[in-house]
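Computed over heavy atoms, backbone and side chain alike; hydrogens, waters and symmetry mates excluded. This one's a predicted model, so the numbers in the text were calculated from it and none came from an experiment. Whatever order the structure lists ligands and atoms in, that order sets their numbers, starting from 1.
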Amino acid sequence: MARLYDSRKRILITGGAGFLGSHLTDRLLEQGHEVLCADNLFTGTKRNIEHLHANPRFEFIRHDVTFPLYVEVDEIYNLACPASPVHYKHDPVQTTKTSVHGAINMLGLAKRLNCKIFQASTSEVYGDPFIHPQTEDYWGNVNPIGPRSCYDEGKRCAETLFFDYHRQHDLNIKVARIFNTYGPRMHHADGRVVSNFIVQALAGKSITIYGDGSQTRSFCYVDDLVEGFIRLMATDDDVTGPVNLGNPGEFTIKELAEKVIEMTGSKSRLIFEDLPTDDPKQRQPDISLARSTLDWEPTVRLEEGLQKTIAYFETVMPQLEVG
Ligand code: NAD
Ligand code: UDP
Ligand code: UDP
């Protein structure tokens, strides 16, 4: 599997100790590359990367991307940012700083090194969309002053910075708009719907549906997403994105809850709580561009991905304090 030395790259992943970053790290190490993971461990954990410490091609530095970083690498994946509403609303000013100052610092680094840089953007740039499914040319419907704005507008500003560095400094950028993704190593307490429902079901606690559960989301399994990242990074210089990456299969939140109860054999019941402010009513990616440009589409069905995620939480939950 290891590649020839001359095709081995030294790759920086910011947010590499998080859910997506740690899976991307695994995949790039498997391909024979060297990975430098920079993470301040705000939502990421050492547990996600502890299996890599004996690997001489892996290096971890505790670093906050709102501060400059001087390292020498061949490629950068910029993933650092809390991703779940619970975490990004916890310190909204820091969330915006992470997206905006973090992007400026990583773009400055990429400019100095003249290297490719990937941005983990989000379907949240579409806000509560009027266009369904969402295509990349849709500009979105985003509240600039609400409780989700630190994340949504931070990510939108980061996209602006990426495209301005591309136009102004001819930087080779790759912007992915990621739709809801799930899998092993999601943080058990980050409040995202898949992890919440599985943890609640396994603990025999009530499943908390916000609103009436008719809002929809499309769930992509992490392995599929990481494949999309790597394909986007490998494209020619003229491919900048933004490219939607996600699974077009669309489910209501109530359907997801029922599926999790069935698959875990749980006796949990459904309870209905208030819908958070600005919670998007529906979300589904149009992935035509990813299909045509990257020859990519998800291959893991929801049941298959949930099975693997449930198995992960079954293993880790005894080690966690489930409150
Ligand atoms: P995560 O919270 O597990 O990972 C984010 C990582 O960034 C964590 O390890 C965290 O400690 C680190 N981080 C946060 N602030 C930092 C800072 N200032 N400096 C350095 N590191 C910092 O979330 P994730 O799901 O792995 O998300 C990764 C990226 O993908 C994020 O940028 C997120 O916005 C984006 N994204 C994820 C999803 C999804 O469904 N998982 C959807 C859309 C976009
Ligand atoms: N930067 C960094 N590492 C580098 C080069 C730059 O962290 O190797 C940061 C630095 O903090 C700078 C930012 O990136 O403020 C933007 O850099 P750029 O060269 O675009 O702008 P300038 O330094 O001219 O403000
Ligand atoms: N949600 C829910 N119960 C939970 C957690 C989330 O009903 O315990 C809902 C939430 O209101 C939203 C959807 O599930 O409509 C997806 O929420 P998540 O936080 O995972 O992601 P996002 O809102 O960013 O898509």
Side-chain angles (χ1 to χ4, degrees), residues 13-24 37-45 48-49 62-72 77-88 91 94-95 97-99 101-113 119-125 148 151-152 154-155 158 161 165 168-169 171 176-183 185-187 190-197 199-200 207-220 222 225 229 245-246 252-254 256-257 270 272-276 278-283:
I13 304 180
T14 73
F19 161 49
L20 299 180
S22 64
H23 285 276
L24 176 63
C37 162
D39 199 303
N40 69 353
L41 299 181
F42 173 47
T43 54
T45 65
N48 287 341
I49 48 171
R62 190 188 280 245
H63 175 76
D64 182 329
V65 293
T66 62
F67 296 98
L69 178 64
Y70 287 83
V71 290
E72 310 305 313
Y77 286 87
N78 186 36
L79 272 59
C81 187
S84 83
V86 169
H87 285 144
Y88 68 65
D91 185 348
Q94 174 67 12
T95 300
K97 280 187 188 170
T98 293
S99 276
H101 293 184
I104 292 173
N105 287 327
M106 291 309 108
L107 286 161
L109 175 64
K111 187 181 117 193
R112 177 174 64 78
L113 299 174
Q119 168 66 357
S121 191
T122 170
S123 54
E124 295 283 334
V125 301
R148 290 177 89 102
Y151 184 73
D152 301 8
K155 288 285 188 179
L161 285 160
Y165 268 80
Q168 201 173 327
H169 300 300
L171 209 62
R177 289 186 179 153
I178 305 164
F179 285 65
N180 299 58
T181 300
Y182 69 99
R185 300 191 200 142
M186 290 185 89
H187 195 290
D190 75 3
R192 281 189 269 190
V193 69
V194 174
S195 44
N196 254 18
F197 285 1
V199 168
Q200 289 164 342
I207 306 259
T208 51
I209 293 189
Y210 303 156
D212 63 5
S214 63
Q215 71 272 35
T216 67
R217 292 292 187 275
S218 306
F219 301 102
C220 185
V222 60
L225 188 79
F229 284 11
L245 293 179
T252 68
I253 294 306
K254 188 151 177 280
L256 177 73
L270 305 183
F272 294 85
E273 297 185 353
D274 290 345
L275 193 65
D278 295 337
D279 198 274
K281 281 180 276 306
Q282 50 178 197
R283 192 185 287 147

Which atoms of ligand 1 have any heavy atom of Ala80 under 4.0 Å away? 7 (O), 20 (C), 21 (N), 22 (C)
Find all atoms of ligand 3 within a distance of less than 4.0 Å from any non-hydrogen atom belonging to Ile209, and give their numbers and elements. 7 (O)
Any side-chain to backbone donor/acceptor pair from Asp39 onto Ala17? Under 3.5 Å, distance only. yes
Which residue and atom name correspond to the protein heavy atom nearest atom 27 (O) of ligand 1, and how close is it? Ala83 CB, 3.6 Å
Candidates Cys81, Gly44, Gly15, Ser121; heavy atom nearest atom 5 (C) of ligand 1 found on Cys81
If we set the cut-off at 4.0 Å for heavy atoms, which region of Gln282 has an atom near ligand 3: side chain, backbone, both, or neither? neither
Could you see which bit of Arg192 sits under 4.0 Å from ligand 3, with heavy atoms only: side chain, backbone, both or neither? both
Short question: side chain of Asn180, backbone of Phe219 - any donor-acceptor pair under 3.5 Å? no
Check whether Arg217 reaches the backbone of Phe179 with its side chain - one donor and one acceptor, N or O, closer than 3.5 Å. no
Would you indicate whether the side-chain heavy atoms of Ser123 and Arg177 approach each other to under 4.5 Å? no
Numbered atoms and elements of ligand 1 in range of Leu20, under 4.0 angstrom, heavy atoms: 24 (P), 25 (O), 26 (O), 27 (O), 28 (C), 30 (O), 37 (C), 41 (N)
Non-hydrogen atom of Gly102 closer than 4.0 Å to ligand 1: no
About how many Å separate CG of Asp91 and NZ of Lys97, when rounded to the nearest 0.5 Å? 8.0 Å
So, do Met106 and Leu161 sit near enough that their side-chain heavy atoms are less than 4.5 Å apart? no
Asn180 neighbourhood, listing ligand 3 atoms whose heavy-atom distance to it stays under 4.0 Å: 21 (O), 22 (P), 25 (O)
Please work out, at 4.0 Å between heavy atoms, whether the side chain, the backbone, both, or neither of Glu273 comes within that distance of ligand 3. neither
Would you compute the distance between atom OG1 of Thr122 and atom CG of Asp152 and round it to the nearest 0.5 angstrom? 7.0 Å
Pro82 heavy atoms, cut-off 4.0 Å: which ligand 1 atoms fall inside? 14 (C), 15 (N)
With a heavy-atom distance limit of 4.0 Å, tell me whether Val194 approaches ligand 3 through its side chain, its backbone, both, or neither. neither
Between the side chain of Ser84 and the main-chain N/O of Arg192, is any donor-acceptor distance below 3.5 Å? no
Starting from atom 31 (C) of ligand 1, locate the nearest protein heavy atom and write down its residue, its atom name and how far away it is, to 0.1 Å. Leu79 O, 3.1 Å
Quick one: which ligand 3 atoms are inside 4.0 Å of a heavy atom on Thr208? 2 (C), 3 (N), 4 (C), 7 (O), 8 (O)
Output the distance between atom CZ (Arg148) and atom OG1 (Thr95), rounded to the nearest 0.5 Å. 12.5 Å
With heavy atoms only and a cut-off of under 4.0 Å, state how Val193 meets ligand 3: side chain, backbone, both or neither. both
Would Ser84 count as a contact of ligand 3 if the rule is a heavy atom under 4.0 Å away? no
Consider ligand 1: state whether an atom of it lies below 4.0 angstrom from any non-hydrogen atom of Cys220. no
By number and element, which atoms of ligand 3 are closer than 4.0 Å to a non-hydrogen atom of Asn196? 4 (C), 5 (C), 8 (O)
Can you confirm whether Tyr151 sits close enough to Cys81 that some side-chain heavy atom of one is under 4.5 Å from a side-chain heavy atom of the other? yes
If I take atom OG from residue Ser121 and atom NZ from residue Lys155, how far apart are they, to the nearest 0.5 angstrom? 6.0 Å
Within a distance under 4.0 Å of any heavy atom of Arg148, pick out the atoms of ligand 3 and give their elements. 22 (P), 23 (O), 24 (O)
Show me a pair-per-line table, with atom names and distances to 0.1 Å, of protein N or O atoms that are under 3.5 Å from an N or O of ligand 2.
unit_1   : atom_1 : unit_2 : atom_2 : d
ligand 2 : 3 (N)  : Leu69  : O      : 2.7
ligand 2 : 7 (O)  : Leu69  : N      : 2.8
ligand 2 : 7 (O)  : Leu69  : O      : 3.3
ligand 2 : 8 (O)  : Arg112 : NE     : 2.6
ligand 2 : 8 (O)  : Arg112 : NH2    : 3.1
ligand 2 : 11 (O) : Asn105 : OD1    : 3.0
ligand 2 : 14 (O) : Ile104 : O      : 3.4
ligand 2 : 19 (O) : Lys111 : NZ     : 2.9
ligand 2 : 20 (O) : Lys111 : NZ     : 3.3
ligand 2 : 20 (O) : Tyr165 : OH     : 2.5

for atom 16 (C) of ligand 1, nearest protein heavy atom and its distance come out as Asn40 OD1, 3.3 Å
Measure from the side-chain N and O atoms of Asn105 to the backbone N and O of Val65, and report whether any donor-acceptor pair falls under 3.5 Å. yes
Strictly distance-based, threshold 3.5 Å: is any side-chain N or O of Gln215 a donor or acceptor partner for the main-chain N or O of Tyr210? yes
Have a look at Asp91, Asp39, Thr181 and point out the one with the heavy atom closest to atom 11 (O) of ligand 1. Asp39
What protein heavy atom is closest to atom 2 (O) of ligand 1, reported as residue, atom name and distance in Å? Thr43 OG1, 2.6 Å
Which ligand 1 atoms does Lys155 reach within 4.0 Å, using its non-hydrogen atoms? 31 (C), 32 (O), 33 (C), 34 (O)
Using a 3.5 Å cut-off on N or O atoms only, is Gly21 in polar contact with ligand 1? no
Would you mind listing which atoms of ligand 3 come within a distance below 4.0 Å of any non-hydrogen atom of Pro276? 11 (O)
Check: Thr252 main-chain N/O paired with Ser214 side-chain donor or acceptor under 3.5 Å: no
Provide, to 0.1 Å, the distance between atom 34 (O) of ligand 1 and the closest protein heavy atom, together with that atom's residue and name. Tyr151 OH, 2.6 Å
Using a 4.0 Å heavy-atom cut-off, say whether Leu41 meets ligand 1 through its side chain, its backbone, both or neither. backbone
Can you find a non-hydrogen atom of Asp64 under 4.0 Å from ligand 1? yes
At under 4.0 Å between heavy atoms, is it the side chain or the backbone of Ser123 that contacts ligand 3, or both, or neither? neither
What atoms in ligand 3 come closer than 4.0 Å to a heavy atom of Phe197? 3 (N), 4 (C), 8 (O)
Compute the minimum heavy-atom distance from Lys97 to ligand 1 and say whether it is under 4.0 Å. no
Determine, using heavy atoms of Met186 and all atoms of ligand 1, whether some pair is separated by less than 4.0 Å. no
Output all residues satisfying side chain to side chain contact (heavy atoms under 4.5 Å, CB included) with Ala120, sequence neighbours left out; order by chain, then residue number. Leu79, Phe118, Ile178
Considering non-hydrogen atoms of the protein only, which is the closest contact for atom 20 (C) of ligand 1, and what is the distance? His63 O, 3.2 Å
Go through ligand 3 atom by atom and flag the ones less than 4.0 Å from a non-hydrogen atom of Asp279. 10 (C), 11 (O), 12 (C), 15 (O)
At under 4.0 Å between heavy atoms, which part of Gln94 makes contact with ligand 1: side chain, backbone, both or neither? side chain
For ligand 3, indicate whether the residue Ile253 contacts it via side chain, backbone, both or neither (heavy-atom separation under 4.0 Å). side chain
Counting from 1, what ligand 1 atoms have a heavy atom of Asn180 closer than 4.0 Å? 40 (O)
Name the orientation class of the two ring planes belonging to Phe19 and His23 (parallel below 30°, tilted from 30 to 60°, perpendicular beyond 60°). perpendicular
Considering only protein heavy atoms, which is closest to atom 4 (O) of ligand 1, and at what distance to one decimal place? Gly18 CA, 3.6 Å
Looking at atom 41 (N) of ligand 1, what's its closest protein heavy atom, distance included? Arg192 NH1, 2.8 Å
